[in-house]
Amino acid sequence: MRILKFKIVGIVLIMMLLSGCINEIPLKEQSSERRLTLSALLKNGGDFRVKIGTSSPITSMDTVWIDNASIFLWEDGVLIDTMRSEGRGSYYSPVFIQRGSIYTIKILAEGYESITATDTVPSEIVPIKNVVILEDNYLDRYGDLYDTHLIEFEDGEFKNYYELFLIRRLIFNNKMQTTFFW
């Protein structure tokens with residue numbers, strides 16, 4: 001009985017101490033200049049598309065798209081196109097992306113520092129050796145359960161490929177549809 005009283009008193013004291021720690025801290029937003037941002041996804045055989053916007057403070061809800069930029073596209077070090085604006089920050093080039101080529105884009109927009117990005121679609125396709133799905137294995141901060149996908153590649157002894165997979169699972173006509181993006 002004494003131990004129970006001691007535990008209860010201890011818990012009450014801890015709760016009192018912790019309740020005194022609640023203090024709202026005002027956010028000091030750093031004033032930083034907006035910079036150009038680039039989003040792009042390279043897909044073998046697809047045309048080249050990018051989205052150009054600006055960075056914004058964490059508290060900002062607005063998105064600033066850049067529609068008047070000059071975007072130059074190089075393939076393997078040779079200038080091949082100037083991308084065209086489709087509005088709302090979207091630009092495209094009818095150039096088809098080829099596996100193994102190195103693509104570089106340079107973005108110039110008035111009032112912003114220019115940015116350059118380089119990427120490639122690997123020339124070698126690495127087969128998937130095994131996929132393991134661990135159902136209801138991940139709990140997010142909202143309490144929603146998600147599956148974990150463990151994907152093993154046949155990448156040999158000396159190669160290590162790391163990819164980001166965005167997996168969307170939908171139920172359509174009582175059938176599970178899984179879509180992989182990378």
A.B. asks: Without swapping roles, check the side chain of Tyr103 against the backbone of Leu42 for a donor-acceptor pair under 3.5 Å.
C.D. replies: no
A.B. asks: Once you round to the nearest 0.5 Å, how far does CH2 of Trp65 lie from NZ of Lys51?
C.D. replies: 4.5 Å
A.B. asks: Side chains of Thr118 and Trp74: closer than 4.5 Å at any heavy-atom pair?
C.D. replies: no
A.B. asks: How far does OG of Ser85 sit from CG of Asp67, to the nearest 0.5 angstrom?
C.D. replies: 4.5 Å
A.B. asks: Report the distance from atom OG1 of Thr37 to atom CD1 of Ile52, rounding to the nearest 0.5 Å.
C.D. replies: 7.0 Å
A.B. asks: Is there a side-chain hydrogen bond (donor to acceptor under 3.5 Å, both in side chains) between Lys106 and Thr116? Walk through the geometry before answering.
C.D. replies: CA-CA 4 Å; Lys106 183 172 186 175; Thr116 303; 5.2 Å; no
A.B. asks: Would you say CZ of Arg88 has more than 12 non-hydrogen atoms from neighbouring residues, nucleotides or ligands within 6.0 angstrom?
C.D. replies: no
A.B. asks: Roughly how far, to the nearest 0.5 Å, is the OG atom of Ser93 from the CD1 atom of Ile105?
C.D. replies: 10.5 Å
A.B. asks: Decide side chain to side chain contact (heavy atoms under 4.5 Å, CB included) for Val95 and Leu73; before the verdict, give the C-alpha distance in whole Å, the side-chain angles of both, and the deciding distance to 0.1 Å.
C.D. replies: CA-CA 9 Å; Val95 171; Leu73 175 62; 4.3 Å; yes
A.B. asks: Go through the steps to decide whether Asn68 and Ile66 satisfy the test side chain to side chain contact (heavy atoms under 4.5 Å, CB included), and finish with yes or no.
C.D. replies: CA-CA 6 Å; Asn68 59 350; Ile66 304 295; 3.5 Å; yes
A.B. asks: So Ser90 and Tyr92, do their side chains get closer than 4.5 Å, heavy atoms only?
C.D. replies: no
A.B. asks: Leu79, Val50: one ILVMFWY side-chain cluster at the under-4.5 Å cut-off?
C.D. replies: no
A.B. asks: Out of curiosity, Ile102 CD1 to Asp76 CG, how far, rounded to the nearest 0.5 Å?
C.D. replies: 6.0 Å
A.B. asks: For Ser114 and Leu108, which heavy atoms make the closest approach, and how far apart are they?
C.D. replies: CB-CD2, 3.3 Å
A.B. asks: Using side-chain heavy atoms (C-beta onward) and a distance below 4.5 Å, is Met83 in contact with Arg49?
C.D. replies: no
A.B. asks: Hey, are the side chains of Arg34 and Tyr112 touching, using non-hydrogen atoms and a 4.5 Å cut-off?
C.D. replies: yes
A.B. asks: Is there a path of hydrophobic side-chain contacts, each under 4.5 Å between heavy atoms of I/L/V/M/F/W/Y residues, joining Phe72 to Ile107?
C.D. replies: no
A.B. asks: Hey, what do you get for OH (Tyr91) to CZ (Arg84), rounding to the nearest 0.5 Å?
C.D. replies: 13.0 Å
A.B. asks: Could you walk me through whether Glu75 and Gln98 pass the side chain to side chain contact (heavy atoms under 4.5 Å, CB included) test, one step at a time?
C.D. replies: CA-CA 9 Å; Glu75 181 178 12; Gln98 299 299 314; 4.3 Å; yes
A.B. asks: With side chains defined as the heavy atoms from C-beta onward, is the minimum distance between Pro94 and Asp81 less than 4.5 Å?
C.D. replies: yes
